[in-house]
Amino acid sequence: MSSRLIGVGMGPGDPELVTVKGVNVLRAADVVVVPVMAGADGRDGGEPGRAEATVLHHVPSEKVVRVVFALNERSDRARREAAWDAAGQRVAGLLERYASVAFATIGDPNVYSTFTYLAETVRELVPGCVVETVPGITAMQDLAARSGAVLTEGTEPLTLVPVTAGAGVLEDALGGPGTVVAYKFGRQAREVARALRETGRLEDAVWGSALGLPEESIRPAADLDEGPLPYLSTLIAPARRDGTRGGKL
């Protein structure tokens, strides 16, 4: 029988925002892999990640396997590739021992997720392995719910931009129609504030971090000039609307 690798979306951090199906898959799997950041020596840095913390609300710790990923390596491509290969080989080894391996990832496994790269590697290392995903609630959905921001109405488009691609990409998106959501912009908070201001999108925009956690912060985007924010911060710049109900149907 073929082994199964299942990417499970754990949502943005609130353990209550994991789907019933996600919890059932975690509990049914033989082991649950969680990604952890490498320390300075390239080994397990020790700190539990957001995915692991959420998983531990639903399954016992003895079922969890921590695997080091180059989550924080951006400058040294060779080191990053070596770390990815090592992580893929570790998970491939688990798939040789177990029939079902779940991989927990924050958000959704098909939206800017570590799981995408892992699945590519595992398919090469474990021929015949079945790869599946269980969707998760995204940070933009959680921030919209907590802040009251409406993501889309009528025929409005929705644009999602990772600011790791540069603030210029965000500025281009803000110049277009519809709502714009920015991920991973904390280190470029000042540049993001400038882009919002220059495109006239600052007033209604909102940002949030650590959603559903004790250190949660949700504030108007006008506060962005105060300095760097947590890396996993989310921004919503709602579409320009005229206030009429159903105006864009």
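Only heavy atoms go into these numbers, but all of them, side chains included; no hydrogens, no water, no symmetry mates. The first residue of the sequence shown is numbered 1, and numbering continues consecutively from there. Quick caveat: nothing in here was measured; it's all calculated off a predicted structure.
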Discussion item. Under 3.5 Å, is there a donor on one side chain and an acceptor on the other for Ser113 and Thr105?
Written reply: yes
* Taking 4.0 angstrom as the limit, do Glu216 and Arg146 come out as a salt bridge? -> yes
Margin query: Quick one: does any side-chain atom of Asp108 pair with a main-chain N or O of Gly136 as donor and acceptor, under 3.5 Å?
Written below: yes
Checklist line | Check: Ser100 main-chain N/O paired with Asp30 side-chain donor or acceptor under 3.5 Å | finding: yes
Are Phe103 and Val34 side-chain neighbours, meaning at least one heavy-atom pair lies under 4.5 Å? no
| task | Could you check if a side-chain atom of Arg201 sits within less than 4.5 angstrom of a side-chain atom of Val180, using non-hydrogen atoms only? | result | yes
Q) Taking C-beta and beyond as the side chain, do Val163 and Val169 meet within less than 4.5 Å on heavy atoms? A) no
Where the side chain of Ser2 meets the backbone of Gly128, is there a donor-acceptor pair that is under 3.5 Å apart?
yes
* Asked: Taking C-beta and beyond as the side chain, do Pro220 and Val206 meet within less than 4.5 Å on heavy atoms?
  -> no
Original post:
Between the side chain of Thr133 and the main-chain N/O of Gly7, is any donor-acceptor distance below 3.5 Å?
Top reply: no
query = Does Lys63 reach the main-chain N or O of Ala29 with its side chain, forming a donor-acceptor pair under 3.5 Å?
reply = yes
Per side-chain contact (heavy atoms from CB on, under 4.5 Å), Val181 is matched among Val161, Leu235, Thr234 by Thr234
Without swapping roles, check the side chain of Arg219 against the backbone of Gly208 for a donor-acceptor pair under 3.5 Å.
no
Subject >> ILVMFWY cluster, Leu232 and Leu213 together (side-chain gap under 4.5 Å) >> reply: no
### Task
State whether a side-chain donor-acceptor pair under 3.5 Å links Gln141 with Thr138.
yes
Is it true that a side-chain atom of Thr54 and a backbone atom of Arg50 form a donor plus acceptor pair closer than 3.5 Å? yes
Would you find a donor on one side and an acceptor on the other, under 3.5 Å apart, between the side chain of Glu198 and the backbone of Ala195? no
